[in-house]
Amino acid sequence: DLANAPRIERCLSLLPLAGLDDPSVYNMTDRGLAATGARLMRFVAAVIAGVAPSADPVHEVLARSLTFGDRRAAELIRAALVLCADHELNASAFTVRCVAGTGATLYAAVQAGICAAQGPRHGAFTSRVESFLTDLAHRQDIEEAVLNRLRNGDLVPGFGHPLYPDGDPRAAMLLDLMRANHGDDPAFLRVQRIVDVMAEAGGVFPNIDFALGALSVTLRMMPGTGLAIFVLGRTAGWIGHAIEQYRSGQMIR
C-alpha cells in the first residue's frame, strides 16, 4: 500500500510517474532545466508532506504537514533544507552526475540520488539518531546511558565527521537555531545534555545527522522525517549537479 509506505519509498515509486507526466522533461535548455528542477522540488516536497503539489514555499508545506502547529518550525525546517542542499562530490552527488551524464532525465538523476542517500552510511543515518534519541527519552540517567556506550566502545550515533574534526558547522548552526527557538523544550534539553557529555567525555561533536535527528524529535515529527528533510534539501544540490553535468556533455566512465 503506497499510501502507508515510508516517505522516501513513496518518492522513489512516484518520481518515474511524475517524469512521464511532465511534458517539458526533455527540454534541456538552461531555462527548461531550471523550470523542471523547480517542479521536481515541489513534487518531492508534496510527496513527503502527503499533499498535492503547490506553489507554496516548500518549508511551509513541510511545517504544516509534519508538525503539530508549531509556528516556529517552518524557519527551522527552512534552515535545515539550506544546510543540507549540497556537500560537494559525495556518494549521492556523484551518483546523480553519473546518471545525468548518460543523458537520463532530471527525474531519473534525482531518483538515483535518493537511492544513494537512503543507504545507512549516508542520509539514512539520521534514522539511527532518531531511534537513539527516542530511546533516551524514556530514561532519567541520560548522562550515564551515554557514558556506558563510551565505556563499552559502542557507537553514539551522530557524532564525529572525518571532514570536520573540530565539529560539523552545519550541525552547530542548526542546533544553535533550535536552542534559540526551542531551548526550553524537554526534548531539546535532552539533546543538549547528550551534546555536552559527548564533548566533555568523548571529545567529539555532533554532525548534521545528529542535528536532523534532534530536529525531528524536538518538533515531534514522525520517524524518518530527518531523512526526508535531508533528501528534499539535497534535491536542490542534486539538480544543480545534474544541470552542470548536462552542460559538460560528458559521460562519466
Side-chain angles (χ1 to χ4, degrees), residues 4-12 48 62 66-67 76-77 79-81 83-85 87 90-93 95 113-139 141-165 167-175 178 182 185-199 201-235:
N4 296 319
R7 296 181 180 91
I8 299 306
E9 279 69 16
R10 292 205 301 264
C11 287
L12 291 174
I48 290 172
L62 264 59
L66 304 181
T67 69
L76 283 174
I77 291 173
L81 294 172
L83 291 168
C84 291
H87 205 220
N90 57 18
S92 56
T95 301
I114 296 175
C115 287
Q118 70 172 352
R121 296 172 65 184
H122 196 358
F125 202 83
T126 58
S127 297
R128 297 179 66 180
V129 175
E130 289 174 350
S131 297
F132 170 65
L133 294 176
T134 300
D135 290 344
L136 288 192
H138 304 294
R139 300 191 57 159
D141 57 337
I142 290 178
E143 291 89 348
E144 188 62 25
V146 175
L147 289 173
N148 278 337
R149 279 180 171 259
L150 295 176
R151 291 189 192 104
N152 296 330
D154 295 333
L155 173 71
V156 178
F159 283 85
H161 195 294
L163 298 180
Y164 305 114
D168 188 335
R170 302 167 298 174
M173 178 171 287
L174 187 54
L175 289 170
M178 293 173 63
H182 294 75
D185 186 284
F188 183 77
L189 290 173
R190 287 192 295 271
V191 165
Q192 187 62 62
R193 288 165 69 187
I194 295 168
V195 171
D196 292 343
V197 172
M198 289 299 293
V204 290
F205 306 97
N207 56 37
I208 189 62
D209 298 313
F210 183 85
L212 290 172
L215 180 69
S216 178
V217 299
T218 299
L219 297 181
R220 276 67 172 180
M221 296 190 284
M222 294 293 291
T225 304
L227 173 59
I229 290 174
F230 173 85
V231 163
L232 180 58
R234 189 56 57 88
T235 295

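A quick note: this is a predicted structure, and the numbers were derived from the prediction, not measured.
With rounding to the nearest 0.5 angstrom, the CG atom of Asp141 is 9.0 Å from the CZ atom of Arg193. Between atom CZ of residue Arg139 and atom CZ of residue Arg190 there is a gap of 13.0 Å, rounded to the nearest 0.5 Å. In this structure, CG in Leu150 is found 10.0 Å from CG in Leu155, a value given to the nearest 0.5 Å. Interatomic distance, Leu62 CG to Arg7 CZ, rounded to the nearest 0.5 Å: 8.5 Å.
For the pair Glu144 and Arg151, the minimum side-chain heavy-atom distance is below 4.5 Å. Put simply, the side chain of Leu174 reaches to within 4.5 Å of the side chain of Leu212, judged on heavy atoms. Side-chain atoms of Leu215 and Met221, non-hydrogen and from C-beta on, do get closer than 4.5 Å to each other. Within the 4.5 Å cutoff, the side chain of Val195 has heavy atoms near those of the Gln192 side chain. Using a 4.5 Å cut-off on side-chain heavy atoms (C-beta onward), Leu175 and Pro206 make contact.
A donor-acceptor contact shorter than 3.5 Å links the side chain of Arg220 to the backbone of Thr218. Formation of a donor-acceptor pair under 3.5 Å by the Glu130 side chain with backbone atoms of Gly226 is found in this model.
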Test side-chain contact (heavy atoms from CB on, under 4.5 Å) applied to Val156 and Phe132, step by step: CA-CA 8 Å; Val156 178; Phe132 170 65; 4.0 Å; yes
side-chain contact (heavy atoms from CB on, under 4.5 Å) assessment of Phe125 paired with Asn207: CA-CA 11 Å; Phe125 202 83; Asn207 56 37; 5.5 Å; no
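Using cut-offs of 30° and 60° on the angle between ring planes, the pair His87 and His161 is perpendicular.
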